[in-house]
Amino acid sequence: MDPEQNEKDSILDLETEPESLLTLSIDLQQLDGHEWTLQDRERRFPPPSDFLGDLGEQRNRPMPLEHRIPTMTEDVARNALVSFVNSKCCYGNKAAGELVIQDLRQLTLYRYRLETFNESRLSEWTFEPLTSNLVDGPQNGTSPRPWDIKVQTPPLFQDDTRKFRIPHSSLVKACHKCHGHGRYKCSGCQGAGWMRCVSCSGTRQRRKQQRRCQMCSGTGRKRCSTCSGRGNKTCMTCQGEKKLLHFKQLIITWKNNVFEFVSEHQLDFPGELLSKVNGENVFKDENVLVYPIIDFPKPEISLASQRAIAEHNAAFTASSRILQQNKRSLQARSGGKIQQSRQDKYSSPLKALSRQTIELIPITEVHYQYAGKTYLYFIYGLENKVYTLDYPERYCCGCTII
């Protein structure tokens with residue numbers, strides 16, 4: 001029997017098999033006290049209850065900040081408009097230079113912002129081709145629990161995702177794609193290595209010409225271009241290594257969740273623009289525990305603070321470790337020492353801070369006259385950005401200065 005033919009017969013036709021661990025029913029060994037299988041690909045882990053710690057001792061006093069908003073003058077208002085108009089291609093600068101300012105109405109709005117920086121951990125099975133004989137498996141010890149793995153926290157209040165291989169979780173298995181052969185039968189030629197000539201349809205002669213086919217040199221077949229005539233292809237899953245290294249991968253996600261509220265106003269001004277500018281900080285609170293603000297001169301800011309803290313705690317404490325956020329009521333109602341409960345057991349004892357700020361955003365209504373008509377524009381934010389809808393020298397349609 002042809003040994004080459006035996007080798008081809010041993011190469012499985014797995015071209016159409018799905019590239020997924022979900023098709024497997026291989027039971028893996030018991031790791032970290034959990035019965036893992038390849039069908040159970042991933043698990044989310046809430047933080048253990050002993051992560052709480054005494055958060056009350058880590059709280060610092062919030063800092064009311066001194067602030068001073070510069071007074072808007074005609075020169076500043078005019079220069080802001082001139083600079084802004086010059087940055088736009090379809091607005092003329094003549095009106096900005098010659099307009100007559102009639103009134104400056106300086107107003108202030110407050111923006112409340114709560115940022116909750118939380119961490120969540122997900123463990124899932126993954127694999128890669130086995131390229132080394134060094135396998136860190138259960139024989140080297142018990143795998144640590146996901147929340148016991150220490151990693152360096154990224155910069156606070158910045159989103160980030162990192163992946164880590166969990167120690168002692170590696171296992172070697174035959175490749176599920178090629179069943180450990182390293183190669184599989186080519187689907188283009190079905191393992192033959194050649195295909196019928198499309199020019200002569202395998203007859204070796206050109207129709208109506210009764211002469212040898214030039215495309216296949218009279219053989220009636222051509223080498224398969226898919227496998228280059230080999231009849232089989234290297235398994236892309238194991239890269240021809242025949243075995244796969246399965247291991248548990250820890251995926252850690254840090255996310256900065258932002259709640260923002262701007263005090264009410266009666267201006268003909270789109271409020272969404274205010275999220276793009278900076279204001280003057282009048283209050284800053286960075287703590288492990290962020291308490292709701294009360295008795296602020298603008299009642300809606302106090303209500304926004306209470307609502308924001310309640311929403312963030314309800315949304316994040318059950319599924320992730322909050323690095324900078326907790327409810328005030330937990331400490332206030334327990335004499336200064338937080339008692340463990342079903343709700344706070346997912347909190348973190350790390351000395352990372354939550355951020356709660358109140359900014360004062362200046363807005364100036366500028367009423368001016370040009371060519372006998374009255375117009376209006378707004379200057380907003382510390383950057384002195386401009387918003388206007390009825391600028392007199394507009395040369396094209398559909399443009400809005402913001």
Side-chain angles (χ1 to χ4, degrees), residues 18-22 28 31-34 36-53 55 113-132 136-137 142-171 236-237 239 244-260 275-276 286-288 290 308-309 311-326 343-357:
E19 180 77 15
S20 173
L21 286 175
L22 296 178
L28 298 181
L31 301 175
D32 188 27
H34 300 283
W36 285 89
T37 67
L38 290 179
Q39 289 179 317
D40 189 15
R41 289 197 63 191
E42 63 181 40
R43 297 185 63 183
R44 292 186 178 274
F45 290 88
S49 58
D50 56 2
F51 261 93
L52 182 61
L55 301 181
R113 180 182 288 144
L114 172 67
E115 298 175 81
T116 300
F117 188 55
N118 71 305
E119 173 184 338
S120 60
R121 297 195 174 194
L122 169 68
S123 179
E124 67 177 9
W125 280 105
T126 187
F127 61 85
E128 63 183 28
L130 179 65
T131 58
S132 173
D136 183 17
T142 303
S143 296
R145 296 178 299 176
W147 287 98
D148 290 339
I149 299 176
K150 296 181 180 180
V151 298
Q152 184 177 2
T153 303
L156 296 180
F157 307 108
Q158 295 183 21
D159 293 352
D160 196 3
T161 299
R162 299 179 187 175
K163 298 180 180 181
F164 304 90
R165 181 179 300 186
I166 297 180
H168 315 323
S169 66
S170 299
L171 296 170
M236 299 305 296
T237 301
Q239 299 295 323
L244 295 175
L245 180 67
H246 295 265
F247 58 91
K248 284 199 295 183
Q249 181 173 252
L250 178 63
I251 303 175
I252 305 180
T253 302
W254 292 273
K255 183 172 179 58
N256 189 37
N257 305 275
V258 180
F259 177 100
E260 189 172 285
S275 62
K276 303 177 182 179
E286 292 189 358
N287 288 288
V288 175
V290 173
I309 293 175
E311 288 181 2
H312 276 207
N313 278 282
F316 307 124
T317 53
S319 60
S320 60
R321 182 174 67 174
I322 296 180
L323 300 182
Q324 306 89 352
Q325 176 67 44
N326 239 317
Q343 185 173 16
D344 65 43
K345 69 179 181 179
Y346 302 124
S347 300
S348 165
L350 300 182
K351 294 183 179 180
L353 303 179
S354 181
R355 189 152 59 194
Q356 181 176 219
T357 59

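Everything quoted here is computed from the prediction, not taken from an experiment.
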Applying salt bridge (Lys or Arg N to Asp or Glu O under 4.0 Å) to D136 and not counting sequence neighbours gives none

Donor-acceptor under 3.5 Å (Q239 side chain, M236 main chain):
yes

L171 side, atom CG; L245 side, atom CG - distance, nearest 0.5 Å:
8.0 Å

Is it the case that R355 places NZ or CZ above or below the six-membered ring of F157, under 6.0 angstrom from the centre and within 45 degrees of the axis?
yes

For S169 against K248, the heavy-atom pair lying closest together
OG-N, 3.1 Å

Do R113 and F259 come close enough that some side-chain heavy atom pair is under 4.5 Å?
no

L122 CG to Q249 CD distance, which is reported to the nearest 0.5 Å:
9.0 Å

Got a sec, which residues hit side chain to side chain contact (heavy atoms under 4.5 Å, CB included) with T253, two or more places apart in sequence or on another chain?
S120, T161, I251

Decide yes or no for W147 and R121: does some side-chain heavy atom of the first lie under 4.5 Å from some side-chain heavy atom of the second?
yes

Considering only heavy atoms from C-beta outward, does the side chain of D160 approach that of Q158 to under 4.5 Å?
no

What are the two closest heavy atoms between F117 and P155, and how far apart are they?
CZ-O, 3.8 Å

So do the side chains of I166 and F247 get within less than 4.5 Å of each other, counting heavy atoms only?
no

Looking at every non-hydrogen atom in both residues, tell me the closest pair between F127 and H246 and how far apart they are.
CB-ND1, 3.7 Å

Look only at the side chain of D148 and the backbone of P144, and say whether a donor-acceptor pair between them is shorter than 3.5 Å.
no

Over all atoms of both residues, closest heavy-atom pair of I149 and P167:
CD1-CD, 4.4 Å

Any heavy-atom pair between the side chains of I309 and Q356 that's under 4.5 Å?
yes

Hey, does F164 have a side-chain heavy atom less than 4.5 Å from the side chain of I252?
yes

Working note: T126 + R165, criterion side chain to side chain contact (heavy atoms under 4.5 Å, CB included); need CA distance, chi angles, decisive distance, verdict.
CA-CA 10 Å; T126 187; R165 181 179 300 186; over 6 Å; no

Using only atom types and a distance under 3.5 Å, with no angle test, would you say the side chain of R162 pairs donor to acceptor with the backbone of L250?
no

Given N118, N257, V258, V290, the one that forms side chain to side chain contact (heavy atoms under 4.5 Å, CB included) with H312:
N257

